[in-house]
Amino acid sequence: MSNPPRLLAEDRADFARLLGEALRDTGVRQALAEPGEHLTAEQLHTKALADADTVAAPAAPEYAHYLALRTALAEHPGTAPPAGAGLFPVLTVLTPVLAGAAGLVLLLLGWLLRAAAPDLALGRSTVTAGILALAIAAAALLVGGAGLVLTALRDASTAPGHADPQQHADLAEAREAWRTALRERALLPWLHANLAAAPVAPLPHARTAPPDLHSPGYSRAAYSSPGFTSPGVEGLTDDRGRPRERSAEFTGPGYSSPDFTSPGPEGLTDEKGRPRPEGPGFTGPNEV
């Protein structure tokens with residue numbers, strides 16, 4: 001069908017039940033047990049329920065026929081309204097009313113005639129006609145009541161819910177045909193077709209990998225230290241704060257000791273406070 005009907009809410013329970021039976025089918029279980037990448041039974045169940053209308057599309061003709069019979073049975077459950085009132089119902093309603101009214105009038109008239117002229121035969125005949133009319137009204141009332149009871153019993157037997165058994169049989173047959181087509185032509189082929197589909201793995205989150213320091217061609221980032229000199233003894237570091245290499249040209253710090261002599265016996269030390277190697281040399285007080 002070009003435009004298959006959508007599954008109604010009351011029919012999705014049948015779809016879910018048949019899906020469970022199809023997943024327990026021997027061929028489907030063997031395919032699920034085979035090694036390799038394929039969808040699991042839970043994934044197939046979830047995917048089929050989410051896309052039930054598409055999965056059930058191959059069984060659309062049987063489902064449309066089933067829906068048509070079910071709708072017809074709901075709208076016309078087998079009881080046909082009467083085409084019109086027949087002669088018998090009319091007589092059962094009108095006869096008691098007319099005969100009763102005529103009987104009362106005749107009785108009243110006959111009693112008046114008998115009171116005015118007791119010897120008049122018309123009075124007695126009028127009373128007799130009134131009694132006969134009341135008897136006919138009572139009989140018609142009984143017949144009408146019996147007809148109403150029979151009509152009520154007939155309507156109760158053909159009320160909604162007690163439709164024609166043939167309609168129920170046709171509906172059950174259409175439902176079974178739809179269920180068979182749904183299982184054989186829709187669910188099982190769909191399961192086998194989707195078993196071969198590999199599960200879609202979620203894309204990994206992008207993250208920055210650390211650089212491989214041992215890979216060929218890798219060079220460290222080019223940077224230089226800031227242009228300042230570290231604190232240190234003057235002359236021990238260069239202009240960038242790095243220690244100077246020892247060499248023969250290395251000289252100590254550029255300073256000299258103050259020009260004074262250490263305390264001690266005069267003549268025991270030289271002008272720099274170091275002991276004299278030749279021993280003390282005593283000089284006079286005027287020697288420098």
Nearest-0.5 Å distance that lies between atom [atom1] in [X] and atom [atom2] in [Y]:
| X | Y | atom1 | atom2 | answer |
| --- | --- | --- | --- | --- |
| Leu187 | Leu44 | CG | CG | 11.5 Å |
| Leu7 | Leu182 | CG | CG | 7.5 Å |
| His192 | Leu195 | NE2 | CG | 7.0 Å |

Running the 4.5 Å side-chain criterion over Ile, Leu, Val, Met, Phe, Trp and Tyr, what cluster does [X] land in, apart from itself?
| X | answer |
| --- | --- |
| Val105 | none |
| Leu106 | none |
| Ile131 | Leu104, Leu107, Trp111, Val127, Leu134 |

Discussion item. Arg12: which residues meet the side-chain hydrogen bond (donor to acceptor under 3.5 Å, both in side chains) condition with it, sequence neighbours left out?
Written reply: Asp53
Practice prompt. State which residues pass side-chain hydrogen bond (donor to acceptor under 3.5 Å, both in side chains) with Thr180; sequence neighbours excluded, sorted by chain then number.
Written response: none
Name each donor-acceptor pair under 3.5 Å that joins a side chain in residues 55-69 to protein atoms two or more places apart or in another chain, with its distance.
residue, atom, partner, partner atom, Å
Glu62, OE1, Arg185, NH2, 3.0
Glu62, OE2, Arg185, NH1, 3.2
Glu62, OE2, Arg185, NH2, 3.3
Tyr63, OH, Leu8, N, 3.0
Tyr63, OH, Asp11, OD2, 2.6
Tyr66, OH, Arg70, NH1, 3.3

Worksheet item: Taking only residues at least two apart or on different chains, which pairs with a member in residues 120-143 satisfy side-chain hydrogen bond (donor to acceptor under 3.5 Å, both in side chains)?
Response: none
Fill in: Verify same cluster id: Ile136, Leu94 (apolar side-chain graph, 4.5 Å)
no
Worksheet item: Is there a path from Leu98 to Leu108 through hydrophobic residues (I, L, V, M, F, W, Y) whose side chains come within less than 4.5 Å of each other?
Response: no
Discussion item. Suppose we screen for side chain to side chain contact (heavy atoms under 4.5 Å, CB included). Which residues come up paired with Thr71, at least two apart in sequence or across chains?
Written reply: Glu75
Cut-off 3.5 Å, no hydrogens considered: what does the side-chain donor-acceptor table look like for residues 15-25, sequence neighbours left out?
residue, atom, partner, partner atom, Å
Arg17, NH1, Asp14, OD1, 2.7
Arg24, NH1, Gly20, O, 3.4
Asp25, OD2, Gly27, N, 3.1

